[in-house]
Amino acid sequence: MTSQILEKTYNPSQFEKEVYEATLDKFYPNANSDKTFTILMPPPNVTGSLHIGHALNYTIQDILVRYYRQKGYDTLWQPGMDHAGIATQMVVSRELEAQDVDVKSLSRDELIKKIWEWKAKSGGRIFEQQKALGCSVPWDYSRFTMDEGFSKAVIEAFVTLYKDGLIFRAKKLVNWDTKFRTAISDLEVVNKEEKGMLWHINYQIEGSDDFITIATTRPETMFGDTAIAVHPEDERYKHLVGKRAKIPYTNRLIEIIADEHADMEKGTGCVKITPAHDYDDFAVGKRHNLEMITVLDENGHMTCDENVPEFVRGLYLKKARKILLEKLKEDGFLVNEEEIVHTVPYGDRSGTVIEPRLTDQWFVDTKPLAKQAIEVVENDEVRFFPEKWKNTYFDWMRNIEPWCISRQIIWGHQIPAWYAPNGEIFVERTEEEAVAEATKKGFTREQLRRETDVLDTWFSSGLWSFATLGWPETNDRLKRYYPTSTLVTGFDIIFFWVSRMMMMGLYFMKQPPFKDIYIHALVRDDKGQKMSKSKGNVIDPLEIKGEFGADALRFSLAFLSVPGRDIKLGKDQIKIARNFITKIWNAARFLQMKGVTFEKKLTDIKLSTKLTHWIVAKLMSFRNEIDQNMVEYRFDYATRNIQFFLRDLFCDFFVEAMKFQDDQETKDVAGAVFAEFLRIANPFMPFVTDHLAKELGVCDTLVLAQGVDEKQIQTSKKYEDEIDKFIELVHAIRAEKQANGLESAKYQQLMDELNSYSTELSSIVRVTN
RNA sequence: GGUCAUAUAGCUCAGCGGUAGAGCACUACGUUGACAUCGUAGGGGUCACAGGUUCGAUCCCUGUUGUGACCACCA
C-alpha cells in the first residue's frame, strides 16, 4: 500500500480544516481511564476577538491537553465564555447609540434583552477562532457565566457567603466611575502619573483677620471639607489647633485639628479634610469623628444643596473647578499655584477619572478566605510556574482588602437581596424564600424591594473551577475533575482571577481548584513593544495562520515561551517555524520516494546495524527529554528537542546516511522512527503531523496514538557512542577539506580513520561534494 | 517609596562553579538520489560595571548602573 507522493510544497491551508474536523470527536473525555488531566480554559470575554495573547494561552493549553490525551489520560479541557459585565454593557450601549437608540430610555429588561441578542450574534465568533488554532476542546461542554445553571451557582455562592458572614453591606468610600455610574473594585483602577496643579487657598480663621492656607489639587471638593489638619508637632500652626476656619463662599466653619496625616514637608503643611471624597481623609474623619459631606453626585457633578454655593451647583466637577478657581483668584483666596506631578486614578474600562465616593455597597470579607489560599501555596500544594509569581500572589493576598462586588449596572447576576421599608435586608436564594422570611417579621411581599445592583463579573468567574462542572449539585463530573490539573494564564490576572478562584474553590470545595499554575508571558512585537491597535503593531493570529499555517504559529509561540521572559514575536520568527515544518514535510517526501512503507512498528524490527541502533536510541532519549520538559512546563525546550531530533539527527545524519545504506531494515526503521516522531510532535503541531500520518499511511489520526513501549526495544549504548564519534569525525573532515583541501595530509589521515568504521557510511562525507 | 525580574554574538535568546552556545543576519562554497522555505564550512562575545567568596566566577554573594513589570502613596 504505497501512498501517493506528497505535493512538492507544504501548503497548510489545504488540509488544516479537514484535519481538525476529522478529529473533533476525539476531544471528549474518556471515562475509561483512571488518570485525569483537566484544564479550565480561561473564559474569553463575550466581547472579545482573538488576539495573539489568546493564541499563546490556547496553544500552551492545547499542547498540554493533547500530550496527556495521547498518554491515555482522561482529559477535560473545559471551555466557556464570560459575560464581562461592564465591558459588554459598554459595547452594546455604544452599538445601540450608533443606531440612534436612546439607551437611557430603555428599561432594565429591554436592555438585557438587547444584550442577549447581541451575545447570540457575536458570541460564537471566538469559538471559530479557537477552532482555527486547533484547540482540542469538547465544544458541547461550553459554559457561559450567565447561563441558567451557572447563575444558580452564583446565587448559591452569594447566599452561602452572606449567611456565613463573609459578605456584608456597608457604607464606605468606593472607587466611583462617573461615566458608567457604578462602583468598581480596586483592581479595576489604574493609576497614571500626571502633571497637575497644587492650589494654595486661604481659609479665614474664625473671629480674626488671619488666614490659614491649605494646599489642594481638588479645590472643588472644599465644600465637603469638615476639618483642616496640621501636624501635631508643626510649630508653625500649633496655636491654631482647636480654632475654626471658614470655607470660602459657604462660610461653613470647620475645626483645625492635629493629625499625623498632615505632612509638614508637603504643600503648606495644612491639609483640608474631605472625608467623603478621599481615602486618607476618610480615615482621618473616622479618627476624629468628623461629619462626611458629599458634594459630588453619581455623574461627577456638584450637588445642588446648601453645602455648595449657587455659582457651581450642578456643574461637572472640572467645569466647577475652573469657575471656582477664577473666582477664588478674583476674591484673593487663591494665593499660590504650584506645578506638581501626582498620580491620578482612572477606570480601566471607562478611562475617566475615578472619584472616591461614599455609597452603600456589598463587600466580600476576603481576609479569612485568603488565609487558606496563602497556606496551600506556602506548603506547595499549589505550585506556580515560574515560581517567582508566588511572591506577587503572596504580596497581594497578605495585604488583601475587602472586595467591593456590587456594580450599579444591569448586565450581570442581580444580587439576591430584598429590602424591607425599615432597611432590613433579606438575602435568600429565591424571591419566595425572601418573602417567607420577611413575612415572619411582619412584612408583606409588596413592601419588599429587590436589590438592583449586580455582581462584579469576577465574582462569577471566581466560581469557574467548580460551577462549570455542575456545582452546587454534586455529580460525577465534579467529583472526577475537581481539583483540576493545571491552570494556564497570564500574570495580569493573578489577582483578578487566580486568587479569587483559589479563595472560592477552597471555601466551597475544601480543596484548591488546581495543582499547578502556569503563568505565561506577555506577547510583544519584535521590538519589545506592547502590541496595541493604536501603535499598529498587532499581529493577528488568523492572518498569521493564513500566511504561515497554524502549526507554525503554535510552534513559534511554544518555542519562545522561555519562563520569566516576555515573548518578542515578529514574522521572522514564525517564518523560521514554517521553514522547519517544511523540512519535516520534505523528509516525509524523501522517505516516500525511497519506498519506505511505514508499515512496521519499531517493536517488530530486529535492529542489526549501527545506524539503526543509533537512530532508535536517539529517538528514545528524545522522547524522554520531551517527557521531562513537559512535566516542567518547558515548552521552549520541548520544541528545541523536536527541532534538534528531526533536523540535526534524523535529516542531517540518518537520512543522509540512508542514501548510502538503504537495505530493508534501514527503510523499515526510517518509517517507524519517523512515524513515532510525528506522534511526539503532534501536540505541538497537530495539523501537519496528522495530515502526514494519514498521507503516509501511518494511521488516520495521532490524537489518541500511544507510543511504543521502550522496554521492548533494545538498543546499545555502544553503537550510539560509536556513531556519535563517527559524526564528530565527519565534521572534522569536512572542516579540514574546507580549510586545506583534499591533498592535505591531515585530511588523508582522517579519511583513513573514517573508512575503518564502515565504507558505506563513510560515503556521507561526499555530501559536501 | 516598596517588591520582583532582567543585562551573554549585530538581532532574538539558551546555558553553565572548570575550553562560551543556538537561530536569524553576515562571509565563502555548493544544485549531491527530499528540502535554495536547503546544505556545508567560517568570521564574530572582557558574558553591563565594581568589589567579595573560591585553586578557579559569565555562573554564587554584595553594591552600582541600565531596562522592564507590579504594588503603594502623594493634600
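Below, all heavy atoms of this structure are taken into account, side chains as well, without hydrogens, waters or symmetry copies. Every chain is numbered from 1 and lettered A, B, ... according to where its sequence line falls, protein lines coming before strand lines.
Listed for the Trp199(A) side chain is no donor-acceptor partner under 3.5 Å among the backbone atoms of Ile214(A). Judged purely by atom type and a 3.5 angstrom limit, Asn399(A) uses its side chain to pair as donor or acceptor with the backbone of Asp395(A). Of the possible polar contacts, one joining the Asp259(A) side chain to the His261(A) backbone as a donor-acceptor pair under 3.5 Å is found. Under the 3.5 Å distance criterion, the side-chain polar atoms of Ser744(A) are matched with a main-chain donor or acceptor of Tyr747(A). In this structure, Lys594(A) contributes its side chain and Lys667(A) its backbone to no donor-acceptor pair below 3.5 Å.
Among the heavy atoms of the strands lying under 4.0 Å from Asp280(A) are primed sugar atoms or P, OP1, OP2 only; no base atom is included. Note on Val341(A): nothing from the nucleic acid sits closer than 4.0 angstrom, heavy atoms only. The residue Asp652(A) sits close only to the backbone: its heavy atoms come under 4.0 Å of sugar-phosphate atoms, none of a base. Among the atoms of the strands shown, only primed sugar atoms or phosphate atoms (P, OP1, OP2) are found under 4.0 Å from some heavy atom of Asp395(A). Thr217(A) comes within 4.0 angstrom of sugar-phosphate atoms only, judged by non-hydrogen atoms across all strands, and of no base. The residue Ala587(A) sits close to a base: some heavy atom pair falls under 4.0 Å. If you check every strand for non-hydrogen atoms under 4.0 Å, Arg578(A) touches a base.
When side chains are defined from C-beta on, Ile273(A) does not count as touching Ile228(A), because their heavy atoms never get closer than 4.5 Å. Inter-residue side-chain proximity for Ile519(A) and Ile517(A) is flagged as met; some heavy-atom pair is nearer than 4.5 Å.
The listed nucleotides are C70(B), A14(B), A34(B); the one nearest the side chain of Phe495(A) is C70(B). You'll find that the side chain of Arg734(A) is closest to A41(B), out of C35(B), A41(B), G39(B). Closest to the side chain of Ala735(A), from the set U37(B), A34(B), G42(B), is G42(B). In the set A28(B), A5(B), A14(B), A5(B) carries the atom at the smallest distance from any side-chain atom of Lys388(A). The nucleotide whose nearest atom lies closest to any side-chain atom of Gln738(A) is, among A41(B), G15(B), U12(B), A41(B). In this structure, the nucleotide among A69(B), U40(B), A34(B) sitting nearest to the side chain of Glu656(A) is A34(B).
One atom, CG of Asn399(A), and another, P of C70(B), lie 18 Å apart when rounded to the nearest Å. Rounded to whole Å, the distance from CZ on Arg640(A) to C1' on C13(B) is 7 Å. The CG atom of Asp572(A) sits 10 Å away from the C1' atom of U12(B) (whole-angstrom rounding). Here the C1' atom of nucleotide C4(B) and the NZ atom of Lys390(A) are 14 Å apart, to the nearest Å. Rounded to an integer number of Å, the gap from Ile519(A) CD1 to A69(B) C1' is 14 Å. Between Phe677(A) atom CZ and A34(B) atom P there is a gap of 20 Å when expressed in whole angstrom units. Arg524(A) has its CZ atom 15 Å from the P atom of U6(B), to the nearest Å. Remark: P of A72(B) and CH2 of Trp396(A) are 10 Å apart, rounded to the nearest angstrom.
Comparing the same atom, P, in G43(B) and in C38(B) gives a spacing of 23 Å after rounding to whole Å. Using atom C1' as the reference point in both G45(B) and C13(B), the two lie 14 Å apart (nearest Å). The gap from the P atom of A48(B) to that of A14(B) amounts to 14 Å, rounded to the nearest Å. Between G15(B) and U53(B), the two C1' atoms lie 23 Å apart (nearest whole Å). Spacing between G21(B) and G63(B) at atom P, rounded to whole Å, works out to 32 Å. Here the separation of G66(B) from C49(B), taken at their P atoms, is 15 Å to the nearest Å. Atom name C1', nucleotides G17(B) and C60(B): the rounded distance is 8 Å, in whole Å. Only the P atoms considered, A25(B) is 11 Å distant from U37(B), to the nearest whole Å.
Place Lys530(A) and Asp648(A) on RNA chain B by their nearest nucleotides, and Asp648(A) ends up nearer the 5' end. Nucleotides of RNA chain B nearest to Asn191(A) and Gly267(A) differ in position, and the one nearer the 5' end is that of Asn191(A).
Each of Lys329(A), Met222(A), Met302(A) was scored for a side-chain contact (heavy atoms from CB on, under 4.5 Å) with Leu324(A), with one residue passing: Met222(A).
Ring-centre distance between Tyr518(A) and Tyr633(A): below the 6.0 Å cut-off. Aromatic ring centres of Phe15(A) and Phe687(A): separated by at least 6.0 Å.
Using a 4.0 Å cut-off between a side-chain N of Lys or Arg and a carboxylate O of Asp or Glu, Glu378(A) and Lys390(A) do not qualify as a salt bridge.
Applying the 4.0 Å criterion to OP1 and OP2 of C35(B), one finds that Tyr10(A) has every side-chain N and O outside that range. Residue Arg565(A) places at least one side-chain N or O under 4.0 Å from the OP1 or OP2 atom of A14(B). For the pair Asn579(A) and C38(B), the criterion of a side-chain N or O lying under 4.0 Å from OP1 or OP2 is met. A close approach under 4.0 Å does occur between a side-chain nitrogen or oxygen of Arg634(A) and OP1 or OP2 of G15(B). An OP1 or OP2 oxygen of A41(B) is reached within less than 4.0 angstrom by a side-chain nitrogen or oxygen of His731(A). OP1 or OP2 of C35(B) sits under 4.0 Å from a side-chain N or O of Lys8(A). The shortest distance between the side-chain N/O atoms of Lys583(A) and the OP1/OP2 oxygens of G39(B) is below 4.0 Å.
Taken together, the paired segments of RNA chain B that extend over three or more consecutive Watson-Crick or G-U pairs, each closer than 3.5 Å at both contacts, are B:1-7 with B:65-71, B:10-13 with B:21-24, B:26-30 with B:38-42, B:48-52 with B:60-64.
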